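A short write-up of the structure that comes next.
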Amino acid sequence: MITKYYSNKDEIYNTYDKDDLGFVYSKESTTFKVWAPAASQVLLKLYSTGSYQEDGATVLAIKQMRKDELTGVWEKTVLGDLHGVYYTYVVQNGNKSSETQDVYSKATGVNSARSMVVDLERTNPQGWENDKHIFVDEQTNAIVWEVHVRDFSSSNTSGVSKQHRGTYLAFTETDTKVPYTNAKTCLSYLKDLGITHVQLNPVFDFGSVNEETCVEYNWGYDPVNYCVPEGSYSTDPYHGEVRIKEFKEMVKALHDNGIGVIMDVVYNHMYSGDDSCFEKTVPDYYFRKQGNRYLNSSGCGNVTASEKIMYRKYMIDSLKYWVEEYHIDGFRFDLMACHDVDTMNQIREELDKIDRRILIYGEPWTADNGDNGISGEDCCSKSNAHKLSSRIGMFNDDMRNGIKGGSDDDTKGYIQGSSFDTYKVLAGMLGASSDTFGRWAKRPSQCVTYASAHDNLTLWDKLLKSNWLNDFDTTESRIIDQNKLSATFILMSLGIPFMLAGEEFARTKYGDHNSYRSPDSVNSIDWSRTIKYKELIDYYKGLIAIRKKFSLLTDSSENAVHKTYMTYNGKVIAGTMANIHASDDEYKYMAIVLNNTNEKCPFELKSKYDLPNRWYVIVDHDSASGEAIREFDNNMEIRPNSALVIVDADSYDRLHGAVEKNTIPSSSDNKY
Ligand code: CA
């Protein structure tokens with residue numbers, strides 16, 4: 001039972017559980033259904049265009065809808081082929097009459113004001129019937145790259161054709177390069193990187209960018225229509241079917257290249273409470289309110305009520321629609337602690353009925369806990385992780401801070417040489433699932449491991465800021481060393497690795513820590529940096545490839561932590577992993593070693609299992625190619641500010657063919 005701090009109209013209103021809200025289209029007729037239990041009258045208004053500004057805009061018809069008292073649903077069937085016809089509802093609640101787009105809109109005209117009837121079959125790009133989801137067996141097999149549709153290609157360095165820059169269709173361009181170079185960009189770049197999924201910043205319809213001009217920039221965390229693609233990323237926002245088709249083309253292009261698509265969903269608040277279709281259709285129902293005041297745990301002016309029967313149903317219907325109609329492979333929930341535990345668990349169950357591999361994770365916090373309207377016991381925070389499905393992940397901000405210090409300030413974490421929060425890093429390396437080192441997750445599949453996301457300073461900007469001017473050595477090479485240590489943490493830990501697009505080539509927003517409405521000049525990905533920072537990209541790429549060859553790193557079970565022996569001697573972190581049931585096509589033993597000091601340091605590999613005698617170093621300060629760099633013995637020291645990854649020689653020889661004697665340096669030859 002959820003503790004609520006506001007009135008509950010679920011006790012008054014009849015609800016509806018069928019899946020035909022919105023419209024059901026056929027060539028012969030379209031049936032409209034809208035849940036409006038408090039309304040005394042609902043009119044259906046049909047228009048020839050999607051906005052009143054358009055030339056030739058005409059009201060085609062106004063139809064009276066009929067209420068089913070048992071469910072509170074208003075219904076009207078209109079004969080004829082209505083594909084491309086725009087519509088609104090005029091809802092009379094008390095003495096207030098509001099014209100609104102449909103809560104269940106699937107298509108809209110420009111800037112969201114009118115819904116559109118769409119024959120979805122006609123929006124399918126060529127080959128769509130053969131398009132397949134990109135799923136990984138466990139959440140921990142995913143490697144996520146977070147990108148904003150506009151940032152991806154808005155710069156001329158993207159090499160994308162001018163008419164597609166900043167749009168969905170930029171994702172369909174192949175063989176793009178930084179102009180006058182051979183450096184790959186966009187889709188062809190991603191193919192080489194080895195990530196499994198892109199996570200797109202909001203791509204549902206949001207309100208902060210005028211779709212007609214696209215002059216302003218916004219991340220898009222201000223939803224207007226949850227089941228409609230955003231129009232400003234389309235080549236034609238006026239005709240509702242175009243953006244749907246172009247969105248599907250984007251998904252298909254990524255899928256064709258083996259990359260899955262995760263949507264960032266923001267069901268926790270809307271662009272405006274009063275002006276939203278939800279409030280106009282059923283006043284004081286879909287949002288948490290005290291009297292006329294919207295509670296504001298989102299920090300954005302209002303918070304929706306996931307625990308209400310019809311909003312919970314809406315979230316589930318909407319998510320299923322994105323999976324089934326657009327072939328979306330996973331969801332990242334913004335401010336997930338605004339939602340209640342029961343809703344998120346039901347979402348997991350409902351999506352499992354489609355496919356249990358659909359990814360789910362989110363931010364385990366709100367912007368203001370005190371104004372959330374549901375108790376701390378009921379919301380999806382880390383402390384309630386044990387109440388959630390083990391396949392609902394959460395961003396591990398403890399690990400993030402332990403790695404690099406505070407997100408926007410000049411404090412240091414482990415990679416800049418601080419030992420203050422090392423325990424957070426150790427716990428994070430074990431997917432926040434270890435009783436010994438610190439635990440909030442049930443399993444590593446609940447833990448998203450990251451150092452940077454769209455919020456806050458980019459990792460590069462954070463490193464520039466936190467390497468204080470009086471430091472011993474703050475040259476760029478030093479910062480690259482720190483970035484490599486961070487990459488090692490992210491990719492060589494249990495859990496779900498996640499990174500901001502371009503983290504791997506020193507992405508900068510020039511110190512802008514909250515660029516949500518900053519211009520393209522700040523937000524655009526500068527693809528020319530892939531040339532200057534190729535060494536860093538190669539390091540990430542190598543670690544990604546190694547991760548895929550060691551299943552203990554992607555083990556999502558509770559047992560994974562017990563096969564890893566972590567040590568920290570005040571300087572060096574060493575995690576020795578015994579993958580005792582390794583298959584023939586992967587490594588059996590691996591050690592991940594990190595040194596954040598300015599001196600070379602000894603370290604020791606420890607395990608509760610018998611360890612092999614022969615080891616090879618496959619990652620060091622300079623290279624993460626995965627090739628054997630040198631032999632290893634226990635007298636070896638690790639270079640300052642660097643990482644080592646070591647694997648057992650038997651597995652290496654089995655995987656790569658035996659290393660010819662004397663072709664790699666023995667440990668005694670090493671120049672450390
Ligand atoms: Ca919009």
Side-chain angles (χ1 to χ4, degrees), residues 22 47 49-54 57 86-88 99-118 123 147-154 164-171 200-251 263-281 298 300-302 304 314 318 321-322 325-326 328 334 454 516-520 523:
Y47 290 94
T49 58
S51 72
Y52 66 87
Q53 297 98 328
E54 284 172 72
Y86 292 85
Y87 70 99
T88 59
E99 181 166 4
T100 176
Q101 80 277 27
D102 191 351
V103 164
Y104 274 83
S105 296
K106 288 176 173 161
T108 66
V110 70
N111 289 328
S112 329
R114 291 177 191 159
S115 309
M116 190 190 97
V117 177
V118 57
T123 65
V147 71
H148 186 279
V149 167
R150 189 154 150 178
D151 298 353
F152 186 64
S153 62
S154 54
H164 287 167
R165 276 182 216 155
T167 71
Y168 300 125
L169 290 180
F171 287 81
L200 302 173
N201 294 117
V203 284
F204 52 76
D205 177 34
F206 55 81
S208 52
V209 173
N210 183 341
E211 297 176 357
E212 295 195 274
T213 55
C214 301
V215 173
E216 45 301 84
Y217 173 95
N218 208 285
W219 283 344
Y221 291 83
D222 43 56
V224 177
N225 291 296
Y226 285 116
C227 300
V228 178
E230 163 58 16
S232 64
Y233 302 146
S234 162
T235 59
D236 173 3
Y238 295 94
H239 298 91
E241 69 281 11
V242 177
R243 63 179 82 174
I244 299 178
K245 179 160 190 265
E246 291 177 350
F247 190 115
K248 287 176 175 175
E249 288 187 64
M250 167 181 70
V251 172
M263 260 180 86
D264 190 337
V265 285
V266 189
Y267 294 108
N268 65 77
H269 76 276
M270 299 203 80
Y271 180 65
S272 158
D274 281 346
D275 294 337
S276 71
C277 48
F278 290 95
E279 187 68 11
K280 284 178 175 174
T281 307
S298 69
C300 300
N302 56 70
T304 55
Y314 183 83
S318 174
Y321 176 67
W322 284 108
E325 186 61 37
Y326 288 91
I328 292 295
D334 187 64
H454 67 276
Y516 77 102
R517 56 177 186 183
S518 302
D520 287 322
N523 282 297

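Counting starts at 1 for both ligands and their atoms, in listed order. This one's a predicted model, so the numbers in the text were calculated from it and none came from an experiment.
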So, does Asn201 use its side chain to make a donor-acceptor pair with the main chain of Asp264 at under 3.5 Å?
->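 Looks like no, no N/O pair under 3.5 Å.
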Please examine the side chains of Tyr221 and Tyr516, heavy atoms only from C-beta on, and report whether any two atoms are closer than 4.5 Å.
->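 The answer is no, as the side chains (C-beta and beyond) never meet within the 4.5 Å cut-off.
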List-wise, which protein N, O or S atoms are found short of 3.0 Å from the Ca ion (ligand 1)?
->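 Protein N, O or S atoms closer than 3.0 Å to the Ca ion (ligand 1): Asp205 OD1, Phe206 O, Glu211 OE2, Glu230 OE1.
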Do you know which two heavy atoms are closest between Ser105 and Val228, and how far apart they sit?
->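 Nearest heavy atoms, Ser105 then Val228: O-CG2, 3.4 Å.
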Name all pairs fulfilling the salt bridge (charged side-chain N to carboxylate O under 4.0 Å, His left out) condition that reach into residues 242-251, sequence neighbours left out, sorted by first residue then second.
->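 Counting only pairs at least two positions apart or across chains, the salt bridge (charged side-chain N to carboxylate O under 4.0 Å, His left out) contacts touching residues 242-251 are Glu211-Arg243, Lys245-Glu249, Lys248-Glu325.
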Classify the ring geometry between Phe247 and Trp322 as parallel (under 30°), tilted (30 to 60°) or perpendicular (over 60°).
->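 Rings of Phe247 and Trp322: tilted, 30 to 60°.
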Close aromatic pair by centroid cut-off 6.0 Å: Tyr314 and Tyr104 = yes
